Amino acid sequence: MKPFTEQTLSIIQRIPSGHIMTYGQIAKCAGNPRAARQVARILHSMSEKHQLPWHRVVNAKGNISFQDANRRKEQRTLLEQEGIAVINGRISLEEYQFCCEIPFE
DNA sequence: CATATGACGTCAA
DNA sequence: TTTGACGCCATAT
């Protein structure tokens, strides 16, 4: 098993275009079902340097976790470009959530 | 009341 | 000094 951070990064990079994942889902796939916070931290700190599709990561509610209206609008635009319908800053998890059941080593 | 989620902060190399 | 790794707690459902 590789480090949690590395696993998380790999998972995020594996999210297909037009699909999204939640923090809990990513954390669970990475090996730590309770490490949703870490996922958030990774995105905040390493997304820009690792070219991660951060816009494909949303919270369990299907909402954009950003507080800044600018960032939320930006992410919404990015998601819409991938064909994801964002209604009131909300995304239909049932339609776009990517089921990550890949056995990472 | 109990369970699940979270765009953080801090420490070490 | 900067980048990578790790966990407890508060809030919402």
Side-chain angles (χ1 to χ4, degrees):
Chain A
M1 177 73 92
K2 293 150 75 176
F4 180 81
T5 307
E6 195 176 325
Q7 288 285 56
T8 304
L9 292 172
S10 300
I11 294 169
I12 296 173
Q13 290 177 53
R14 262 141 243 209
I15 301 176
S17 190
H19 289 261
I20 58 175
M21 279 190 89
T22 64
Y23 293 88
Q25 190 70 26
I26 295 172
K28 185 165 60 180
C29 290
N32 278 15
R34 309 277 121 72
R37 296 187 69 193
Q38 225 174 325
V39 177
R41 209 217 114 263
I42 292 170
L43 285 171
H44 176 79
S45 188
M46 310 172 89
S47 57
E48 299 179 43
K49 303 177 181 63
H50 291 251
Q51 300 179 300
L52 296 177
W54 56 273
H55 53 278
R56 302 202 189 132
V57 183
V58 295
N59 62 19
K61 300 182 290 297
N63 279 297
I64 297 172
S65 299
F66 280 115
Q67 305 101 307
D68 303 292
N70 284 51
R71 296 282 121 51
R72 296 195 314 186
K73 188 161 65 77
E74 186 179 314
Q75 183 169 19
R76 172 169 55 167
T77 304
L78 260 40
L79 291 170
E80 292 182 328
Q81 284 180 42
E82 309 214 326
I84 298 176
V86 184
I87 313 300
N88 287 65
R90 178 160 241 158
I91 304 167
S92 305
L93 292 174
E94 301 304 309
E95 296 184 53
Y96 307 105
Q97 186 167 154
F98 176 59
C99 297
C100 177
E101 298 183 46
I102 306 171
F104 291 97
E105 66 281 13

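Just so it is clear, the model here is predicted, and its values are computed rather than measured. Every chain is numbered from 1 and lettered A, B, ... according to where its sequence line falls, protein lines coming before strand lines.
Of the residues near DNA chain C, Val39(A) and Ser45(A), the one whose nearest nucleotide (by heavy atom distance) lies more toward the 5' end is Ser45(A). For the pair Met46(A) and Lys61(A), nearest-nucleotide mapping onto DNA chain C gives the more 5' position to Met46(A).
In the set dA7(B), dC6(C), dC8(C), the nucleotide with an atom closest to the side chain of Thr5(A) is dC6(C). Closest approach to the Tyr23(A) side chain among dT3(C), dA7(B), dC6(C) is made by dA7(B) (side chain taken as heavy atoms from C-beta onward).
Distance alone, capped at 3.5 Å, is enough to place a donor-acceptor pair between the Gln75(A) side chain and the Val57(A) backbone. Judged purely by atom type and a 3.5 angstrom limit, His19(A) uses its side chain to pair as donor or acceptor with the backbone of Tyr96(A).
Residue contacts shown for Lys49(A) are limited to sugar-phosphate atoms, with no base heavy atom under 4.0 Å away. Within 4.0 Å of Ala60(A), counting heavy atoms only, lie sugar-phosphate atoms of the nucleic acid but no base atom.
Distance, Leu78(A) CG to dA7(B) P: 18 Å, rounded to whole Å. Look at CD on Gln75(A): it is 9 Å from C1' on dA7(B), rounded to the nearest Å. For Leu43(A) and dA5(C), the CG to P distance is 14 Å, given to the nearest whole Å. Rounded to a whole Å, the CZ atom of Arg37(A) is 11 Å from the C1' atom of dC6(C). Rounded to whole angstrom, the span from the CG atom of Asn32(A) across to the P atom of dA4(B) amounts to 15 Å. If you measure from atom NE2 of His44(A) to atom C1' of dT3(C), you get 14 Å, rounded to the nearest angstrom. As a whole-Å value, the separation of Asn63(A) CG from dT5(B) P is 15 Å. Here the C1' atom of nucleotide dA7(B) and the CD1 atom of Ile26(A) are 11 Å apart, to the nearest Å.
Annotation for Asn88(A): atom CG does not count as buried by contact number, only 12 or fewer foreign heavy atoms lying within 6.0 Å.
To the nearest 0.5 Å, atom NE2 of residue His44(A) and atom CZ of residue Arg37(A) are 13.0 Å apart.
His50(A) has a side-chain polar atom (N or O) that falls below the 4.0 Å cut-off from OP1 or OP2 of dG4(C).
Note on residues 50-64 of chain A: pairs passing salt bridge (Lys or Arg N to Asp or Glu O under 4.0 Å), not counting sequence neighbours, are Arg56(A)-Glu82(A).
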